[in-house]
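To start, the structure under review is shown below, and the notes come after it.
Heads up: numbering here begins at 1 and tracks the sequence. Keep in mind the model is a prediction, meaning the values are calculated, not measured.
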Amino acid sequence: MEAELEKLSLIVSSYDIETLKKLGGVEGVASRLRVSLNIGVETSDVPSRQNVYGSNRYTEKPFKSFWTFLWEALRDITLIILMVCAVVSIGVGLTTEGWPKGTYDGLGILLSIFLVVVVTAISDYRQSLQFRDLDREKKKILIEVTRDGSRQKIPIYDLVVGDVVHLSIGDLVPADGIFLSGYSFLIDQSSMSGESVPISIHEGKPFLLSGTKVQDGSAKMLVTTVGMKTEWGKLMERLADGVEDETPLQVKLSGVAALIGKIGLAFALLTFMVLAVRFLVEKVLRHELTRWSSNDAMTLLNYFVTAVTIIVVAVPEGLPLAVTLSLAFAMKKLMDNKALVRHLSACETMGSATCICTDKTGTLTTNRMVVNKIWICEKTKKVETDARGDAIALNIPENELTLLLQAIFHNTGAEVVKDECGKKSILGTPTESAILEYGLLLGGDIDKQRRDCKLLKVEPFNSEKKKMSVLIALPGGNNRAFCKGAAEIVFKMCDRFIDLNGEIVHLTKYRTRYIMDVINEFTSEALRTLCLAYKDIEDGDEKDNIPDSGYTLIAVVGIKDPVRPGVRNAVKTCLAAGITVRMVTGDNIKTAKAIAKECGILTADGLAIEGPEFRNKTLDEMRHIIPRVQVIARSSPMDKLVLVNNLRGMFNEIVAVTGDGTNDAPALHEADIGFAMGIAGTEVAKESADIIVLDDNFSTIVNVAKWGRSVYINIQKFVQFQLTVCVVALMINFITACISGSAPFTAVQLLWVNLIMDTLGAIALATEPPHEGLMNRPPVGREVSLISMTMWRNIIGQSIFQLAILLVFSFTGKQILRLEGSDATILLNTFIFNTFVFCQVFNEINCRDMEKINVFRGIFGSWIFLGVITSSVVFQFIIVEFLGTFASTIPLRWELWLLSVLIGAASLLVAVILKLIPVEHKNTKHHDGYDLLPTGPELA
């Protein structure tokens, strides 16, 4: 069996048509695979086929375990230096002070390092789990197959050798196989061969390779190879799994972190040099320069450990971590809210979006289409159903009804399928399904219609032609063409219609105007309007070709697709947030305008324009009209691409685009953020997109914008918090080292501050959920600095307050607090350390809102933030009261605890005063940075 499979795989991969013919063609291959081409694989055979032929899965890169993340966290160079110093400290301590007292300092450092490493590893591991889940979600693709004699959708992973797969425009070919039947079938093989010219697949050239894309037409294929045995699988095996690039914000923050790290290194070296020089000068003054003891060595080692710890505190590894945390948190929440983020950068970019170019069908509307009105035999009839769901009789003459049913049942891309219980359902696009369902409601028998006539040729619908045509052979021997599509396009191809008496009459100017009035009436009611037409083809009259003119109009059909609930509010939210919404649709301009007005997109001063008119404008004309364009109707995918390129090029807009079709792929790729529709979108569109909207709902897109803004603002909050801690920690250590000759904080204390500042701070501030106020301010522009003037005001103000308090207590604390006795120094140092930590805890609360006074708004809805703050306070209490041996602290009286908390809480009042100080702000109308809220009482 393995040899047989290898042979089949080789035939397909080498395009060996001669060997295929020797095997008896596709029927012979099906016979060897023991499968009926009409019935397909039987469900009961699937497990055995997976065992014999393999499953349709590709080998994935092994997932990193928790221990790997732990090891990576341990490999940080500054932590390694600290570990070496801790070991040396234990060695020196044992020789000078003995066991166990001599080990306390070194063990304290090792325990602190262990805590930092474990918390970092847990955080990274949890993120990787989230990204793995999202990655799995990305790979969930459904495909249509014939199994057990019925057409059904199955996950791509369940595909087996022998399956009969149905392919249409925009699908990815899920496995290697052989073409069975189809029409106008074109394949894009650029992913395999690099060749951009599409290849026509037919009986003479029937081989299909997995990973290629369907560019046009539809077909059925027989699967011959799956998974790693396919050509795509072999290619994937040779390629390393790519790692996602850093997002722009991560790159920017990595640069900030590197700069702060260098400043920290300079301060650490200066601090060590000042301490060491002071120590040597004191030895010289005491005439002890030639006498060195182990205590002297221990003192210098402690100075070195302090300097290294300053580097650990100064290097803000939490900055890039905060971005990843915030993005991972946002991605998880968006997944729960029906948005699958494929590229990390898209989430943060969406926070800066200034324009959304959206489709209409399925995004602004529900995509649950039903035929609402029909014009036939010069009468407009509203479609109504009885209690059983059957269409109420419309009194259509028998001949015209037969023609209408033929036009519906033969010229369709939808299929009627039965499930295991025999219940009928329709597979196909919403428009196709609505018309086919209407034909069934009229009492038509699709199976009988298709048995009586033979399908000769199909021109599938695509967004360029906006029509679908078929050619059938009638029972009498003549051929008949049917055409269906956009009303004004198909109507132009007609020169006759069926009148009130069932007679075929020529279209005069008066009759043409009358029918156009009917079409306009339908479109003004926001109905998607299609024309159905036919043409009988006589012998010799290009009998085997589908004509482009000379059709007879059968009917005008109006399909209703209601606007989604909540869309109007979502559009209103966008406008309030400074995001312009533009609707780009293939519909008639009157339908488009009616829907756009209903959604709140088209305003009194807005412009609605048709695609052909738009694309023929000069660049200068486009520069003038694009700011006013709110609706582009009868658009082609190329119009969408032109609009996106000009919005980005001429106006420096950050553009989000929605798309569902294969032809939307270029616009999705060119836009700053591409949204593909999860339900109506083709696999090609999804592959080109940054975010997949799983429910096809416009409100979901607005939700992504809100979370994108939340990511950006959360990072700003964390940067403000971390820079404040960093400035204070560096300055207090350096100043006290210069003046008193000793650093106020020990290595263990600084490592604990580092944990609060980096990992715990990132977890607390980077995972704050968005609030509605985020959508009441303009977007942030491309070139706007991450650290705003408002942030600098807050950082400098809080740093001055904290430094002033800590320096006053460092030099006059004993007198102020009236501390006496042998433990006065360590008591003062413990109080200073405790006060410093509480200043950071309350400043973390301050950072929840950088502009508004009320920083407690929504705090109880952010349980992660509350959890981090609570655990920080609890652990600080444990360190001071119970871990003094390791942390160089002693228990504090309740009065000193209260004073530490009150001084820390005073930073809340300092923040209020700072927020009343106006900062220089460039007041622009659009996406040039956040507008400041008014100063004064309104701030609250």
Side-chain angles (χ1 to χ4, degrees), residues 112 115 313 318 717-718 720-733 736 743-746 748-765 794-795 797-813 816-817 819 826-849 855-856 859 865-884 887-914:
S112 302
L115 189 62
V313 174
K717 292 176 191 175
F718 178 66
Q720 178 179 302
F721 170 67
Q722 188 162 48
L723 286 182
T724 306
V725 185
C726 210
V727 167
V728 175
L730 290 178
M731 293 303 295
I732 193 77
N733 272 291
T736 52
F745 304 134
T746 67
V748 173
Q749 289 170 357
L750 283 173
L751 283 169
W752 167 233
V753 170
N754 181 62
L755 191 64
I756 294 176
M757 186 177 82
D758 273 346
T759 310
L760 295 179
I763 291 169
L765 290 169
N794 297 341
I795 291 165
Q798 287 289 348
S799 298
I800 291 170
F801 163 71
Q802 290 185 25
L803 277 170
I805 290 289
L806 296 174
L807 287 172
V808 165
F809 278 107
S810 291
F811 298 114
T812 60
I816 294 170
L817 300 173
L819 301 177
I826 192 168
L827 196 62
L828 177 63
N829 286 341
T830 302
F831 172 76
I832 292 170
F833 167 58
N834 204 40
T835 304
F836 178 62
V837 169
F838 274 100
C839 280
Q840 308 327 314
V841 168
F842 282 99
N843 194 36
E844 202 164 350
I845 297 170
N846 274 330
C847 290
R848 290 190 72 244
D849 201 308
V855 292
F856 294 99
I859 195 167
F865 184 88
L866 286 174
V868 168
I869 292 291
T870 306
S871 58
S872 297
V873 170
V874 169
F875 205 77
Q876 175 65 15
F877 180 79
I878 292 168
I879 285 174
V880 170
E881 295 295 318
F882 305 109
L883 297 179
S888 305
T889 60
I890 60 171
L892 295 175
R893 302 193 306 270
W894 70 267
E895 298 96 335
L896 293 179
W897 269 103
L898 181 61
L899 186 58
S900 289
V901 173
L902 287 175
I903 292 169
S907 68
L908 296 173
L909 293 174
V910 173
V912 171
I913 295 164
L914 289 171

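Sorted by first and then second residue, the pairs that involve residues 890-907 and meet salt bridge (Lys or Arg N to Asp or Glu O under 4.0 Å), not counting sequence neighbours, are R893-E895. Under the salt bridge (Lys or Arg N to Asp or Glu O under 4.0 Å) criterion, no residue pair touches residues 802-813, with sequence neighbours excluded.
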| said: As a quick check of understanding, evaluate side chain to side chain contact (heavy atoms under 4.5 Å, CB included) for L765 and C847, giving each step before the final call. | reply: CA-CA 8 Å; L765 290 169; C847 290; 4.2 Å; yes
| task | Could you walk me through whether T830 and V880 pass the side chain to side chain contact (heavy atoms under 4.5 Å, CB included) test, one step at a time? | result | CA-CA 7 Å; T830 302; V880 170; 3.8 Å; yes
| request: Could you give me the CA-CA distance, side-chain angles and deciding distance for S872 and L760, then say whether side chain to side chain contact (heavy atoms under 4.5 Å, CB included) is met? | output: CA-CA 8 Å; S872 297; L760 295 179; 4.0 Å; yes
| request: Please lay out, stage by stage, how V901 and F842 fare under the test side chain to side chain contact (heavy atoms under 4.5 Å, CB included). | output: CA-CA 9 Å; V901 173; F842 282 99; 4.1 Å; yes
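With sequence neighbours excluded, the residues that form a side chain to side chain contact (heavy atoms under 4.5 Å, CB included) with F856 are I845, N854, I859, L908. Judged as a side-chain hydrogen bond (donor to acceptor under 3.5 Å, both in side chains), and not counting sequence neighbours, the contacts of Q840 are Q802. Partners of T835 by side-chain hydrogen bond (donor to acceptor under 3.5 Å, both in side chains), not counting sequence neighbours, listed by chain and number: S900.
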Side-chain donor-acceptor pairs of residues 723-731 under 3.5 Å, sequence neighbours excluded:
{"from": "T724", "atom 1": "OG1", "to": "Q720", "atom 2": "O", "distance (Å)": "2.7"}

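Residues W752 and F833 place their aromatic rings such that the two centres sit no closer than 6.0 Å.
Without hydrogens or angle criteria, E881 side chain to L892 main chain gives a donor-acceptor distance under 3.5 Å. No donor-acceptor pair under 3.5 Å is formed between the side chain of Q876 and the backbone N or O of V837. Not one N or O on the side chain of T870 forms a donor-acceptor pair closer than 3.5 Å with the backbone of G867.
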